[in-house]
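Heads up, the thing below is written out as structure tokens.
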Amino acid sequence: MKLHHAVFLASAALFAAACRQDMHDQPKHKPFTGSVLFKDHRSARPLVAGTVARGQLMEDEHLWTGKIDGKPAETFPAALAAHFGGGADWQARMLARGHDRFQIQCTPCHGSVGDGNGMIVQRGMKRPPSYHIDRLQKAPPGYFFDVITNGFGAMFDQRDRIQVEDRWAIVAYLRALQLSQNAQYADLSAEQRDELDHPKPRTEGQSHSTEHGR
Amino acid sequence: MAQVFPKSSNTLSKASIVVAGLVVAALGLATININRTTYVNTQSMPIDQVVQFTHTHHVGSLGIDCRFCHFSVEESSFAGIPPSKTCMGCHSVVWKDAPILEPVRESYRNDTSVEWTRVHDLPEFVYFNHSIHVNKGVGCESCHGRVDKMPLMMRENSLNMEWCLACHRAPEKFLRPKDKVFTMGWDPVKELGVSQEELGLKLKEENHVQSRTNCATCHR
């Protein structure tokens, strides 16, 4: 008798413990959860054709396509200033962001100085041209924006991965990179020339690295 | 008629109540502990996938940043699993015809999803958010371990409540400079010459990191 009780209680305890999973896996969808309801097994439904989400009206042709009247833009869109916080140093912030995103998204193939010798190229990817060839030196910002947005030859488009403002930030960084690899003495300001001719030891505060200036 | 039960059975039946109680308690304890073992909750076990994707190669030897593939980890609660288009950006050229990649090519051709098996899966009544952790300086490594050394992805930690709380009570034991969040194998003593304690307390102050142990932080 008593033993029966014990067995009953013990199996009840086991049963309750097994029920635990019911609360753990509720019939709700987290991102990318599969679904048996739809033919493609995706719980995330594609947008109905013609849907315009907030902030996705894409009225600003310059910002979203990198073109002005169908031609690659020679300038950066005005909307970027507000996105990167405005003020006197928004361009510096944009460059820093561009550097960061370039390191993540482009260096695997293009290499950190943009010579087209990244790690994936060494493992068999088609070799991209160097950013420092004459043709790309002369290409306008809008052209680079278009390559990132729509791809080019063997390079896939990156528009799903990189937000539109970040794409422009990368273009700005590319420009800086091109200048850095092709700087002429004559391009420097008098002050910079002076610094180059009479180098002084770097002080801590000059470092541009953000977050922790250790 | 003689009695069926001898007198001693009184003691026996009293004792059996106690024993029954103990048996129930022991079984209960055993189930709880079995549920917590790494065997049942699959901690530290490599999970087989349709495509044997290796972080060892992609992160360890090719040095691709986590955000190349898990691109929403900084902005959203969800880290994101890359679509097959991301893979094809390289694999339409590199290892173009490898049989191992056929499920990826098929998914890209037919616009279907590669069905990955989840390795980390919190219960649905727990709220978790990647972006706050990443932006306050908790490295991927602190929760996911040395991903760059995992041929197949596995779960490094239990994801138990007590595991979350151990860090929420004392986040300084784990905090890193924000630009080192995505780095694997980062060590404050080697890189900066300071102990984790010292660095952690400083970063906690600088980045206003709170110690969050209120139930509503994770159960909302």
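Note on naming: letters A, B, ... go to the chains in the order of the sequence lines (proteins, then strands), and numbering restarts at 1 for each one.
Within the cation-pi definition used here (under 6.0 Å to the ring centroid, within 45° of the axis), A:Arg101 does not qualify as a partner of A:Tyr173.
Contacts between residues 112-122 of chain A and chain B, counted as heavy-atom pairs separated by less than 4.5 Å, involve A:Met119, A:Ile120. Within residues 135-153 of chain A, no residue has a heavy atom under 4.5 Å from a heavy atom of chain B.
Residue contact with chain B, scored on non-hydrogen atoms closer than 4.5 Å, involves the backbone and the side chain of A:Arg123 alike. Of the two parts of A:Pro31, the backbone and the side chain both hold a non-hydrogen atom closer than 4.5 Å to a non-hydrogen atom of chain B. When heavy atoms are compared at a cutoff of 4.5 Å, B:Ile64 approaches chain A solely by way of its side chain, counted from C-beta outward. For a residue to count as touching a neighbouring chain, one of its non-hydrogen atoms must lie under 4.5 Å from one of that chain's; by this rule A:Asp100 touches chain B with the side chain only. For B:Ser113, the parts lying under 4.5 angstrom from a heavy atom of chain A are both the backbone and the side chain. Only the side chain of B:Phe78 comes within contact range of chain A, with heavy atoms under 4.5 Å apart.
A salt bridge is defined here as a Lys NZ or Arg NE, NH1 or NH2 lying under 4.0 Å from an Asp or Glu carboxylate O, and B:Asp121 with A:Lys30 meets this definition. A salt bridge links B:Glu74 with B:Arg67: the closest approach of a Lys/Arg side-chain nitrogen to an acidic carboxylate oxygen falls below 4.0 angstrom. Between A:Arg97 and A:Glu165 there is no salt bridge, since no side-chain N of the basic residue sits under 4.0 Å from a carboxylate O of the acidic one. Looking at B:Lys180 and B:Asp187, no side-chain N of the basic residue comes within less than 4.0 Å of a carboxylate O on the acidic one, giving no salt bridge.
We find the NE2-CD1 distance between A:His62 and A:Ile68 to be 4.0 Å, quoted to the nearest 0.5 Å. Interatomic distance, B:Cys69 SG to A:Ile104 CD1, rounded to the nearest 0.5 Å: 11.5 Å. For the atom pair CD (B:Glu102) and CZ (B:Arg109), the distance works out to 5.0 Å, reported to the nearest 0.5 Å.
Using modelled atom types, one finds no donor on one side chain facing an acceptor on the other under 3.5 Å when comparing B:Thr112 with B:Asn110. Remark: the B:His130 side chain and the B:His70 side chain contain no N/O donor-acceptor pair separated by less than 3.5 Å. Side chains of B:Ser84 and B:Ser107: a donor on one and an acceptor on the other come within 3.5 Å. Between B:Tyr127 and B:His219, the side chains place no donor N or O within less than 3.5 Å of an acceptor N or O (distance only, hydrogens not considered).
Not one N or O on the side chain of A:His83 forms a donor-acceptor pair closer than 3.5 Å with the backbone of A:Ala79.
Note on A:His41, A:Gln103, A:Gln105: by heavy-atom pairs under 4.5 Å with chain B, the leading option is A:Gln105.
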